Amino acid sequence: MALIVAKFGGTSVASPERIKNVARRLVRMRQDGHSVVAVVSAMGKTTDELMGLASAVSSQPPARELDRLLSTGEQVSMTLLAMALENLGYRALSFTGRQAGIETDSSHRQAKIIKVHNERIMEALEAGAIPVVAGFQGIDAAGDITTLGRGGSDTTAVAVAWGIGADVCEIYSDVDGVYTTDPRVAPRAQKLDQISYDDMLELSSAGSGVLQSRAVEFARKWNVVIHSRSAFSDAEGTYIKEDPDMEEAVITGIAHDTSEVKVTMRHLPDTSGVAAKVFSALASNMVNTDMIIQNISEDGYTDISFTCPGADLDRARETLDRIMPDLGGREYVVDESIAKVSLVGTGMKSSPGVAARAFTTLGENNINILAISTSPIRLSMVVDAAQAAQAVRCLHTAFGLDSDSVFVETQLSAEEIAAKMKKGR
Ligand code: ASP
Ligand code: MG
């Protein structure tokens with residue numbers, strides 16, 4: 001019989017009715033003989049609402065106060081879940097991050113877990129209770145409450161699983177696992193039974209948002225097995241673990257990301273030190289550049305393009321407005337309607353010809369590639385945003401990822417599907 005950490009996301013605990021469902025699910029695990037620790041997110045959109053309250057009273061809420069405020073969301077859901085469990089005749093004890101022994105550094109809003117003191121959770125388990133832990137929060141050395149970044153309850157769950165030596169960290173959400181690509185874009189996407197940490201991390205950073213990346217990094221570091229599955233069905237989801245025991249495909253999945261923009265600096269002097277100046281200035285203004293392309297130089301001048309998150313665009317403009325005149329560059333142009341399509345797979349390492357096949361496929365479909373970047377296990381291509389869905393579909397087919405059946409979303413209500421579309425998978 002297993003020791004299980006079960007994390008439930010905001011949608012799964014959005015109403016009293018859903019909290020009762022979660023309680024029944026935990027009771028079933030107990031009846032099957034497992035020991036279980038629950039970790040919860042805040043109900044529904046609570047965290048956003050709390051953020052809204054904070055910005056209604058302050059243009060720049062102090063980070064310490066904001067963390068204190070945001071942490072209350074999870075404290076509501078944890079107590080309600082404990083009550084619902086007690087109501088079913090099971091002993092339950094809720095714990096805030098501090099009570100659960102989640103010790104973090106002091107970087108408010110983005111705190112990193114440095115230690116998990118497992119005593120209280122272990123004691124509760126030994127006493128036969130179901131511990132219910134508030135996700136997303138910890139305590140720093142000064143005794144102040146910290147939060148772990150948006151989506152941070154996933155990280156809490158993995159950390160607790162590690163701290164108590166759980167067999168598996170189950171992450172329940174409104175998606176039923178990790179897919180080869182977004183099924184709303186490519187209806188022949190398949191749910192993966194297993195995926196390696198490396199592939200999962202590349203997929204998440206390339207834009208597929210099933211799990212908080214930091215949770216996967218933590219799991220990889222401490223070898224915690226994650227099972228990402230649906231809160232609304234009993235179907236098995238996707239296991240994220242070190243060595244998936246299945247035949248390795250060349251490509252595991254295809255992610256796409258429309259949140260980046262492309263900036264091209266025209267007619268920059270092609271002399272040493274120019275790129276250094278541009279990218280140092282961008283970096284010190286907190287612009288996260290992703291892909292960088294320098295064109296062949298002509299007459300001592302060259303064009304340099306880079307992509308960055310759309311959220312960084314204002315800072316990028318501000319930086320370039322400031323430095324371009326000094327550098328002797330002519331102008332810069334911004335293209336906001338781009339999409340990055342990424343093929344991800346550890347199998348790529350041992351399989352030449354991936355790039356050739358990808359480029360041929362896009363070429364045959366008249367999709368122009370605007371930029372390319374690679375890592376040993378990822379090939380990213382920037383295309384026009386209007387062609388992104390088509391690019392994903394034809395690559396999915398070309399790399400043999402299509403399933404025989406067409407994806408239909410069955411378990412979710414129209415309201416849930418709409419919410420999911422808004423959030424992005
Ligand atoms: N409630 C927090 C958020 O919305 C943490 C989480 O849901 O994991 O970001
Ligand atoms: Mg969440």
Side-chain angles (χ1 to χ4, degrees), residues 5-15 18-19 22 37-55 61 63-82 94-100 102 104 107-113 116 132-140 145-163 169-175 178 200 204 208-219 224 226-232 237 240 259 311 416 419-420 422-425:
V5 169
K7 181 256 168 177
F8 293 88
T11 319
S12 327
V13 293
S15 65
R18 290 191 184 175
I19 290 177
V22 168
V37 177
V39 175
V40 284
S41 290
M43 294 173 71
K45 299 256 158 288
T46 303
T47 309
D48 292 330
E49 286 158 16
L50 293 171
M51 293 278 273
L53 282 176
S55 43
R64 177 185 181 275
E65 305 310 320
L66 192 57
D67 272 358
R68 185 70 188 83
L69 176 70
L70 296 183
S71 72
T72 61
E74 273 71 11
Q75 294 175 17
V76 170
S77 48
M78 76 174 191
T79 43
L80 292 176
L81 179 55
S94 67
F95 295 103
T96 62
R98 156 181 241 149
Q99 291 174 314
I102 310 288
T104 71
S107 33
H108 286 287
R109 312 280 315 279
Q110 279 299 334
K112 283 204 173 60
I113 296 176
V116 180
V132 181
V133 178
F136 179 52
Q137 56 189 275
I139 193 96
D140 71 3
I145 291 179
T146 52
T147 63
L148 310 177
R150 297 307 304 268
S153 302
D154 289 350
T155 304
T156 304
V158 173
V160 168
W162 166 65
C169 177
E170 301 197 320
I171 307 241
Y172 291 86
S173 71
D174 50 359
V175 296
V178 180
M200 188 66 227
S204 336
S208 110
V210 181
L211 294 167
Q212 200 205 28
S213 298
R214 200 190 278 175
V216 183
E217 276 163 19
F218 197 108
V224 176
I226 298 178
H227 183 189
S228 157
R229 59 190 304 186
S230 167
F232 305 109
I240 300 141
S259 68
E416 283 159 353
K420 200 151 80 171
K422 240 166 103 191
K423 199 171 72 192
R425 188 174 276 269

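Note that these values count all heavy atoms, side chains included, but never hydrogens, waters or copies made by symmetry. Please read these numbers as outputs of a predicted model, since none were measured by experiment. Read the numbers this way: they start at 1 and go in the same order the structure lists the ligands and their atoms.
Inclusion of Lys7 in the set of residues having an N or O under 3.5 Å from an N or O of ligand 1 is not warranted. Ligand 1 has a nitrogen or oxygen under 3.5 angstrom from a nitrogen or oxygen of Gly151. Residue Thr47 has at least one nitrogen or oxygen atom sitting less than 3.5 Å from a nitrogen or oxygen atom of ligand 1, judged on distance alone.
Here is the list of ligand 1 atoms found below 4.0 Å of a heavy atom in Arg150: 3 (C), 4 (O), 9 (O). Residue Ser41 approaches ligand 1 through these ligand atoms, each under 4.0 Å from one of its heavy atoms: 6 (C), 7 (O), 8 (O).
Contacts of Gln212 with ligand 1, taken as heavy-atom pairs under 4.0 Å, are absent altogether.
Two residues are said to be in side-chain contact when any heavy atoms from C-beta on lie closer than 4.5 Å; Gln110 and Arg214 meet this criterion.
Between the side chain of Thr96 and the backbone N or O of Gln99, at least one donor-acceptor pair lies under 3.5 Å. Panel note: side chain Ser55, backbone Met51; a donor-acceptor pair is recorded below 3.5 Å. The backbone N or O of Thr11 sits less than 3.5 Å from a side-chain atom of Arg18, completing a donor-acceptor pair.
Across every non-hydrogen atom of Val39 and Ala157, the tightest pair is CG2-CA, 4.0 Å.
Residue contact annotation: Gly152 has a non-hydrogen atom under 4.0 Å from ligand 1.
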Assess the residue pair Asp67 and Thr146 against the criterion (side chain to side chain donor-acceptor pair (under 3.5 Å)); give the C-alpha distance rounded to whole Å, side-chain angles, the decisive distance to 0.1 Å, and a yes or no. CA-CA 5 Å; Asp67 272 358; Thr146 52; 5.4 Å; no
